[in-house]
Q: 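Quick one: this structure, given as structure tokens, is what I'll be asking you about.
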Amino acid sequence: SNDSSSLEVDVDAPGTIISRFQGYLTINTAYPNPNYLEAANFIISQAKSVSLDFQTIEFVNGKHLVLLKWPGKKPYLPSILLNSHTDVVPVEPHKWSHPPFDAHLDPSTGNIYARGSQDMKCVGMQYLEAIRKLKASGFQPIRNVYLSFVPDEEIGGHDGAEKFADSDVFSKMNVGIVLDEGLPSPDENYRMFYAERTSCSLIIKAFGAPGHGAKLYDNSAMENLFKSIESIRRFRDSQFDLVKAGLRAEGEVTSINMVFLKAGTPSPSGFAMNLQPSEAQAGFDIRIPPTADPESLERRIAEEWAPSSRNMTFQLVRSKKKSEYPNLTAFDSSNPWWMLLQEAVRSENGEVGKPEIFPPATDARYFRERGLPAIGFSPMSKTPNLLHDHDEFLNQNEYMKGINIYKSIIKAYASFDEYPRDDVSRAEL
Ligand SMILES: CSCC[C@H](NC=O)C(=O)O
Ligand SMILES: [Zn+2]
Ligand SMILES: [Zn+2]
């Protein structure tokens with residue numbers, strides 16, 4: 001090849017597509033100091049190369065939200081919002097096989113190792129790559145297609161998607177359907193989520209008489225706390241057993257996991273070893289399915305897990321519902337978006353799993369709270385779930401397949417020329 005052609009980069013070559021994904025993955029957007037500015041600049045450079053309109057919004061200083069737009073031919077129709085978060089959870093780099101922000105591609109397997117490779121920089125880039133391909137094919141959307149790259153999801157989304165969903169910018173977008181993140185599946189299926197569990201945090205504290213480390217006595221803080229922990233573990237087992245027996249899906253049971261334990265009397269060498277402390281506490285992450293009754297959990301805590309009769313107190317923090325809209329998105333023929341997504345996956349020879357409740361939380365709840373349908377979907381089949389784990393990876397072939405799936409989804413959504421019933425009933429409310 002001559003000099004001029006060797007200088008040109010083929011933007012559509014698979015290697016180039018993977019390099020762009022790696023480019024996004026190498027930006028360290030982990031807490032405590034996510035580099036949002038660099039992420040925003042990267043996304044804007046992508047938007048420019050795909051010729052999408054772009055704007056950056058800082059609802060909170062330093063927390064950049066990038067909004068892209070692909071204008072449709074009938075802009076009065078409700079728009080499509082493709083959401084993804086740019087932040088990722090922290091890493092323990094020395095416990096990874098490859099540095100978590102190097103986006104190392106293992107040549108023998110095709111796996112790309114990076115924090116965010118599954119959660120969820122893959123999705124953000126796949127939306128863009130799908131649009132790049134659709135544009136190259138000459139496709140023009142009927143509806144406006146928006147892409148939001150939001151900060152803050154991993155710490156609750158209050159300074160990201162929550163403020164965005166409450167903003168005038170958002171109202172003016174007239175969004176009709178939101179796509180947000182899902183989970184990988186180790187088997188052939190692609191998973192689709194119509195709701196998510198409510199998250200709570202629980203701290204229980206136990207008090208009791210202090211005493212000599214050598215003395216056996218009842219009602220110490222440690223003993224009081226351990227009775228609770230045993231009871232909590234029995235409940236945890238009962239829920240987990242339902243999942244293990246295949247009677248319930250992951251998102252259909254209440255999960256409770258201990259996340260910290262705190263007690264002991266400090267001494268110069270660590271902790272005083274011959275002293276039973278007068279206070280002990282434990283913290284738990286709790287997730288409740290949308291169908292469960294939160295009041296009954298609260299009663300259980302007051303009666304069994306932190307009874308005042310055992311000298312215990314508790315603090316339960318649960319986010320309040322902000323509206324009367326159901327936090328469930330319809331997953332039958334009443335929701336054309338669900339059907340279209342399913343068909344699009346199948347048209348790419350993908351198998352679709354049962355509709356599911358997302359076990360953790362996502363930004364989708366802020367959109368559902370506004371009465372909008374939101375579907376959780378990340379196109380990853382034959383992939384172990386490594387969200388928030390060491391050695392998070394995505395296979396390059398799976399990534400490329402996901403781009404084609406989004407190409408089908410976006411094409412179907414952006415060609416859908418009806419005013420779905422959902423939109424009409426919302427307009428009447
Ligand atoms: C409940 S706000 C925190 C959101 C977080 N989302 C992803 O992991 C989660 O813990 O589920
Ligand atoms: Zn996520
Ligand atoms: Zn996450």
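Order of listing sets the numbers, starting from 1, for every ligand and every atom in it.
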Q: Any idea which N/O/S atom from D119 gets closest to the Zn ion (ligand 2)?
A: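 Closest N, O or S atom of D119 to the Zn ion (ligand 2): OD1.
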Q: When you check the side-chain N and O atoms of T29 and K121, is any donor under 3.5 Å from an acceptor?
A: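 The criterion, which ignores hydrogens and geometry beyond distance, is satisfied for K121 and T29.
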Q: Geometry only, no angles: is A361 polar-contacting ligand 1 at N/O separations under 3.5 Å?
A: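 So ligand 1 has an N or O lying under 3.5 Å from an N or O of A361.
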Q: Any salt bridge linking R132 with E129? Criterion: basic side-chain nitrogen under 4.0 Å from a carboxylate oxygen.
A: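 A salt bridge is present here (some side-chain N lies under 4.0 Å from a carboxylate O).
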Q: Do D166 and R370 sit within salt-bridge range, that is, some charged N less than 4.0 Å from a carboxylate O?
A: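 Between R370 and D166 there is a salt bridge, with a charged N closer than 4.0 Å to a carboxylate O.
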Q: Compute the shortest N/O to N/O distance between R287 and ligand 1 and return yes if it is under 3.5 Å, no if not.
A: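 R287 vs ligand 1: N/O contact under 3.5 Å present.
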Q: Ignoring angles and geometry beyond distance, decide whether R365 reaches within less than 3.5 Å of ligand 1 through its nitrogen or oxygen atoms.
A: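 No; the residue has no nitrogen or oxygen that sits under 3.5 Å from a nitrogen or oxygen of the ligand.
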Q: If you consider just the N/O/S atoms, which atom of E181 is the closest one to the Zn ion (ligand 2)?
A: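 Nearest N/O/S atom of E181: OE1.
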Q: Decide, yes or no, whether a salt bridge links K401 with E398 under the criterion of side-chain N to carboxylate O below 4.0 Å.
A: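 Salt bridge flag = yes for E398 with K401.
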Q: Could you check R191, K244, K354 and say which one makes a salt bridge (Lys or Arg N to Asp or Glu O under 4.0 Å) with E250?
A: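 So, applying the salt bridge (Lys or Arg N to Asp or Glu O under 4.0 Å) to E250 and each of R191, K244, K354, only R191 qualifies.
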Q: So which bit of H388 gets within less than 4.0 Å of ligand 1, heavy atoms only: side chain, backbone, both or neither?
A: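 The part of H388 near ligand 1 is the side chain, not the backbone.
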Q: Short N/O distance, under 3.5 Å, between E154 and ligand 1?
A: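 Min N/O separation from ligand 1 is below 3.5 Å for E154.
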